[in-house]
Every structure is written in structure tokens, then in C-alpha cells.
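First the structure, in the form of C-alpha cells, and then the observations on it.
In this text, all values refer to a predicted model and were calculated from it rather than measured experimentally.
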Amino acid sequence: MSELLIQLRGVTKVYGSGQAELLALKGIDLDIEPGEFVAIMGPSGSGKSTAMNILGCLDMPSAGQYLFKGAHVEALSRDQRARLRRRFLGFVFQGFNLLARTSAQENVELPLLYRGDSAGVRRAAAAKALQAVGLGGWEDHTPAELSGGQQQRVAIARAIVTAPAVVLADEPTGNLDTQRSHEIMALLMGLNQDQGITVLMVTHEPVMAAYARRRVHFLDGSIAEDVANTHPTTAALVVPAPEPAGAI
Amino acid sequence: MLYSVFMLALRSILRNLLRSFLTILGIVIGVSAVITMVTLGNGATQSIKAQISGLGTNLLMVRPGQRGVPGGGGGIGVAQFSEADAAAILSQIGGVAAVAPEGRASLTVVANGRNWATSVIGSSNAWFATGNWKLASGRLFTADEQLAGAAACLIGETVRREIFDGTVGQTGLGEHLRVRKFSCTVIGILAAKGQSGMGDQDDTVVVPLRTLQRRVTGSVKVATLLISMQEGSDGARLKASLKQLLRERRNLAIDDDDNFNIFDTQQLAETLSSTTQVLTTLLGAVAAVSLLVGGIGIMNIMLVSVTERTHEIGLRLAIGALEHEVLLQFLIEAVVLSALGGVVGIVIATAASWGLSSLMGVPYAFDPFINLLSLAFSAGIGVLFGYFPARRAARMDPIEALRHE
Ligand SMILES: Nc1ncnc2c1ncn2[C@@H]1O[C@H](COP(=O)(O)OP(=O)(O)OP(=O)(O)O)[C@@H](O)[C@H]1O
Ligand SMILES: [Mg+2]
């Protein structure tokens, strides 16, 4: 058995207190090995985003243990978690979350800036990441000049530019039409297969979850089902429509 | 690290030019107001000092009048001076360079078909010495002219300009100038002294004292005695013996108050310039309040910008920015903005105070200290008022911040 990348043990999350107290996670156990592609599914309010935030070291469990590469995340300080994020994690959000009035290039460079990389290193890495998501030649476009699918690809480039161990994506296709969604999924799958990046993805859509090799179903703050996907959709089935560079 | 955070801050400023401009507006106004006020005030002080020293160095001015009642034209009912007083002072008090009895009348003079209201002064040649006057052309009075009260006069530059500009020779030398019922021959032109705190010193016509007494005032009294001291003489002692002599000559009993006042131009200069300095400080303080208001403006905009940019802050924190890096970025933004405001303020202030001082006729007194102080102060305001919003931004919970739309 390979060494575990992520281990959740009895993780709970409580929001509010007193009357308004809400148990969003009711003691989750979850193991994730390096190189997995996991789809997290479940009805609205079942605790998927809460679990993702904890997995992404953005939020702390109320109780229980979270081991990332064997280190206890719940014992880390705010800045230590930030350093862990900048080193090992990449995020893709439903709302893209790109900086407005800022070129794709600069958006992608942002995480490298906080790592203290020099301008030359940043430029090369960002160009490579944009190339990898099929946006070579779009470096100078601002989010306003890009389509939703393109924006999400810039966001994915930003997530992978630091060569992270894990990419966490909370409903990455939630704001996109079906065609764009399949392109994004193909991208994520490619990252997982070609670069060995572990991908954790929340999605409502079974079609998108079908790309993953494992599905975890949340129900009311607990994991109801955790199954392997025996026949994941393969990249060959969906070919991203090539977009001409330089045009909108 | 510092460099890249600095670049981040700079980019964020450039990305939001209008917001940046509005942020620094208060600082620009504050800094330029402070510097302009102080520079103009300093210029006014300098010019007053210069003009008073132009009145004559080490000059004493004696006028009749009760203590605390400075006689405008001599206290009413108080004995005036006479020519004999002047002679006595010169002969009996050591260290005196020159004594000039002075009488004045405001009159209209006529010549060359033009008239001009001016101040006619009756005195002796000593008057030119006490007032540091130089001749532009012509000559002073002769002894005979002074004794006989001859119809001869010297005119100041302003009178020459108003009456004789455009005539042949321009100077008016040898021309006849009509002063009330008599006319005098212009024998000399005084070199210009320029504007002073007490009005235009060049706007004057000087005749022998006796001429003024006989033909204008009709009295042998003298309203003012001007006394210039020799270089290096002891002013306090000279003033004391002058006071003693005048008390004797005016028959004052031991317990009588002085019925004359001695003014000292040195003192006058100090009093006046300390007044303008107080005024400068006051104006500077008022302007400093506007600078403070500008600082609060920065804080306000920074707070708004933190709220506006909550989402962005959440994103930066999520992708691995440390608390102090976000703090630093916002702090640098605030400092760069307010320092920029300071620099722009200095540029505007330099232009404004240069223009205004030439408009007001005072010298442009550049004060490096106040410029540096305002710059440091505005940068300091940036640190102070940028810090709290920045700290709020940096301490934000990344999830909460990200959820913020
Ligand atoms: N910051 C919060 N404060 C209080 N309650 C919260 C907070 N965040 C989430 N919750 C609650 O916790 C529960 C789980 O929320 P969560 O966002 O994890 O659900 P989800 O599975 O991601 O749902 P969705 O599919 O709609 O995104 C919900 O009942 C939600 O109302
Ligand atoms: Mg959710």
C-alpha cells in the first residue's frame, strides 16, 4: 500500500453555537492516496464544501485529525497552513476568482509571486501553465476579455503553476455550459494522468463525476458511499474544441 | 519578497487609477496648503525685516506722546520738539551719528501739468543719513538753503515717476515743483528703496525743515526726531541718556511720566517679524488640520477598498499569501499613495507659493525643512491610517473573504 497523502479521522465541523449550532460534518474518515482523482458528490447542504475547505487547509476541523503527508494540519498555525497551501495545493473555484483588470499572465503568476520566484521564472512558468490549459497566446487578455470556459482554464493554470501535489476544485464546472464543462474535465483528467496530480473535485453532475476514478457521496454531513469508478470516461471521448489564439 | 510585494502594491495602484487619485487628493491639498502657507509667511517675514532694515540700521525715532499712546502725529496737548532739541542731542550724547528733526505734511504737488498726492517732509541733510538714503542724481541741500528755508527740494522715485516720467531728461532736475502755495526747485532725486510695511517710502518730497515750517505748517515745532547711532555704540546706554536729556529739556519732575516715546527700529523689526511668524505658524497649523483630514480620507478610502477587495484578499490568502504579506501590500499601497500625494503636493506648493509670492511682492522663501516635514508627515499618515484597514484585511478568514461578493 502506498503512503497516504490525506487522512481524515473523525473530522467534525460545527457552525454557530447554542440554538443556531449546526453540525455540518459528523465525524468523517477519508483516506486519499497520491495520484487519485476523486469526485465528491451529494445533495446541497450535505457538507461537501465544508469538507473541501478543510481538505484545502482553508478551514480547521472542530474536532478530529487531518494528516497531510503525515503532518497534523489541525495543529498548524495560520501562516503554516498558508505555506502548506502555497507549496502543495492548488485551488479551482466555481466562480473562477480571477483578479479583475489583470492579465491572464499576471493572474497565473500570482501564486509564484508569493513563493518569491523571480520575474523570469514566473513568466516562463505562467506561460507553460497557460500552454498546458490550451491558452497559449492569450497571456495578455484580462478576465473581461475571456469567455467563462477560458476564465476557468486560466484559473486551472493558476492552480497548477506551482506544480502542486493536489488540486482542489469545488464545482469547477458549476458556471459553465456542457461543452465547456467537458473541456474542463478533460483538462483535469489530463493533469491527473499525465502529471500525477491528485485531483479532488466537488460536482453535482454525474456526467462530470464519471471522469473520476473514485466517487465519495456525502449525505447530511457523513460519507454515505465511497466507490471506485470502474469505467471512468476517458480523454479520447471528449476532445476539447481548439480555440483560435488571439481571437475572442 | 519585499520587492515583489512592492510591485504588487504598485500594480494595484495603477489598476485603480481613479480610486488612487481620489485617495491622494486630500494629501495633495493638505501638503500644498501647509507648504504654501509657511513659504508665503516666511517670505512676508523676510520682506518686513528687509524693509525695516532699509529704514535705517540702529535708528531711534522719538515722538511726543504719553507712554502707551503712540502719537500718530504727536500726542494732542503734549509739547513737541524743536530744532534745538536735535542740536542738543547731537552735541551732548556720545555715540550719536546723526540727528534729524522731521516734520511731515500730506500735500498734493503739481508740476508738468500733473498732480500727485504725496508726503512732504521737512528736515535737514542729516535726514538722508538717518534713513540710509542715496542720491540717484543731483545734490543735497546747502547749509544756506537749510538756514534760510530755501525753496529747494529732493524728490523720491515715485514722485519722479508720477510727475516727470515722459519729460525731457525724465528726472525733473531743475524743474519747479508746486507745493501748496510755493514752488520749489528740484535739486536732487533719491534712489529708490521700494515698497515697505509702512507704505511706499519713495513716495516723498523733502524740503529744508524751515521751508516746511514757514510755508506749510506755520509753526517751529518738530513732530519727530530721528537719531542714528554710530556703528558699535551701546544702544541701551544711548537710549537711557537720550531719555534723561529729553526729560531735563522738557522740565519733567522725577515722578512725572515721560511725555515722549522712543522707538527703536531694531525692536520694531523684531516685534513685526515675530508677529508675522506667529501668523505663519497659525496658518501652517490650520493647513496642517487639512493635512490630517486628508489622512483620514486615506484611511476611509483604504477601509472602503478593503471591503471592496475582500474577495481579492480571500483569494490571495487562499493561494498562499501570508498574513504579513497582505498587511505589507496594503501598507505599501497606503504609503506609496500618500508619499506620492506628498510629492505632488510639494510640486503644486512650489508653483503656488512662487506665483503668489511674486504676486504679493514678497520674496520666495523656499524652506527645505517644511518640505521634508510635510513629505515625512504624509508618508507617516499613510503608515498610520493605512495600517488599521490593512490589518483588518490581513486578518480576514480566507473562506469568509472568498464568500464575500
Ligand atoms: N459559514 C457557515 N456558517 C454556518 N453554517 C454554514 C456555513 N457554511 C456552511 N454552513 C452550513 O453547513 C452545511 C453544509 O454546507 P456546505 O456548504 O458544506 O454544503 P454543500 O454540500 O457544499 O452544498 P452545495 O452543494 O449547496 O454547495 C449547510 O447546512 C450550510 O448551511
Ligand atoms: Mg458547496
Side-chain angles (χ1 to χ4, degrees), chain A residues 13 15 24 49-50 52-54 56-60 77-103 105-119 121-122 142-143 155 157-162 164 167-168 170, chain B residues 1-23 304-333 336 390-405:
Chain A
K13 182 70 190 180
Y15 286 118
S49 294
T50 306
M52 279 297 262
N53 289 340
I54 289 172
C57 303
L58 290 166
D59 208 353
M60 296 286 261
S77 72
R78 221 176 114 91
D79 276 357
Q80 282 171 325
R81 277 184 286 136
R83 285 183 207 282
L84 192 152
R85 286 198 296 274
R86 82 162 62 148
R87 225 181 119 195
F88 295 112
L89 307 181
F91 293 90
V92 180
F93 305 93
Q94 177 175 355
F96 318 146
N97 286 348
L98 300 176
L99 292 186
R101 296 185 292 279
T102 306
S103 69
Q105 169 86 17
E106 277 183 68
N107 264 297
V108 175
E109 282 185 20
L110 203 58
L112 301 177
L113 231 130
Y114 286 115
R115 265 190 1 186
D117 289 347
S118 72
V121 171
R122 290 201 308 265
T142 63
R158 183 182 61 197
I160 61 170
V161 75
T162 55
V167 166
L168 298 106
D170 194 345
Chain B
M1 184 60 237
L2 193 70
Y3 172 76
S4 57
V5 174
F6 182 79
M7 292 312 291
L8 270 178
L10 220 56
R11 269 188 217 142
S12 156
I13 288 169
L14 291 178
R15 260 202 295 279
N16 300 284
L17 272 181
L18 181 65
R19 187 180 71 199
S20 308
F21 170 74
L22 289 176
T23 309
V304 170
S305 129
V306 164
T307 314
E308 247 179 34
R309 293 161 70 188
T310 300
H311 194 76
E312 173 194 332
I313 293 161
L315 175 72
R316 289 181 188 276
L317 290 170
I319 63 175
L322 302 182
E323 194 173 310
H324 78 259
E325 287 165 346
V326 173
L327 178 76
L328 204 63
Q329 182 193 335
F330 273 72
L331 209 54
I332 288 174
E333 271 182 45
V336 167
R391 198 179 60 172
R392 210 182 96 176
R395 292 220 174 142
M396 225 171 266
D397 182 9
I399 313 269
E400 288 298 322
L402 265 177
R403 200 171 284 143
H404 195 280
E405 283 299 336

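Heavy-atom distances place the side chain of Arg78(A), and not its backbone, under 4.5 Å from chain B. The parts of Leu322(B) that come within reach of chain A are both its backbone and its side chain, each placing non-hydrogen atoms under 4.5 angstrom from that chain. Contact annotation for Arg122(A): only side-chain heavy atoms (C-beta onward) come within less than 4.5 Å of a heavy atom of chain B. The part of Ala100(A) that comes within reach of chain B is its backbone (N, CA, C, O), which places non-hydrogen atoms under 4.5 angstrom from that chain. Only the side chain of Gln329(B) comes within less than 4.5 Å of a heavy atom of chain A; its backbone N, CA, C and O stay farther away. For Arg158(A), the part sitting under 4.5 Å from any heavy atom of chain B is the side chain, from C-beta outward, and nothing else. There is no contact between Arg309(B) and chain A, counting heavy-atom distances below 4.5 Å.
Rounding to the nearest 0.5 Å places CG of Leu58(A) at 11.0 Å from CD1 of Ile319(B). Here His311(B) contributes atom NE2 and Leu99(A) contributes atom CG; the two are 9.0 Å apart, rounded to the nearest 0.5 Å. To the nearest 0.5 angstrom, Leu113(A) atom CG is 9.0 Å from Met7(B) atom CE. Rounded to the nearest 0.5 angstrom, Thr102(A) OG1 and Arg11(B) CZ are separated by 9.0 Å. Rounded to the nearest 0.5 Å, atoms CZ (Arg15(B)) and CD (Glu106(A)) are 6.0 Å apart. Taken to the nearest 0.5 Å, the CG atom of Leu315(B) stands 5.5 Å off from the CG atom of Asn97(A).
The two atoms that bring Phe91(A) and Ala318(B) nearest to each other are CE1-O, 3.4 Å, heavy atoms only. Across all their heavy atoms, Ala82(A) and Ala321(B) have their closest contact at CB-O, 3.8 Å.
Residues that satisfy the side chain to side chain donor-acceptor pair (under 3.5 Å) test with Ser20(B), not counting sequence neighbours, are absent from this structure.
With a 6.0 Å radius and a threshold of 12 heavy atoms from other residues, nucleotides or ligands, Phe88(A) has its CZ atom above the threshold.
With Arg316(B) contributing its side chain and Leu110(A) its backbone, the two residues share no donor-acceptor pair below 3.5 Å.
You'll find the side chain of Asn16(B) reaches within 4.5 Å of the side chain of Arg101(A), heavy atoms only.
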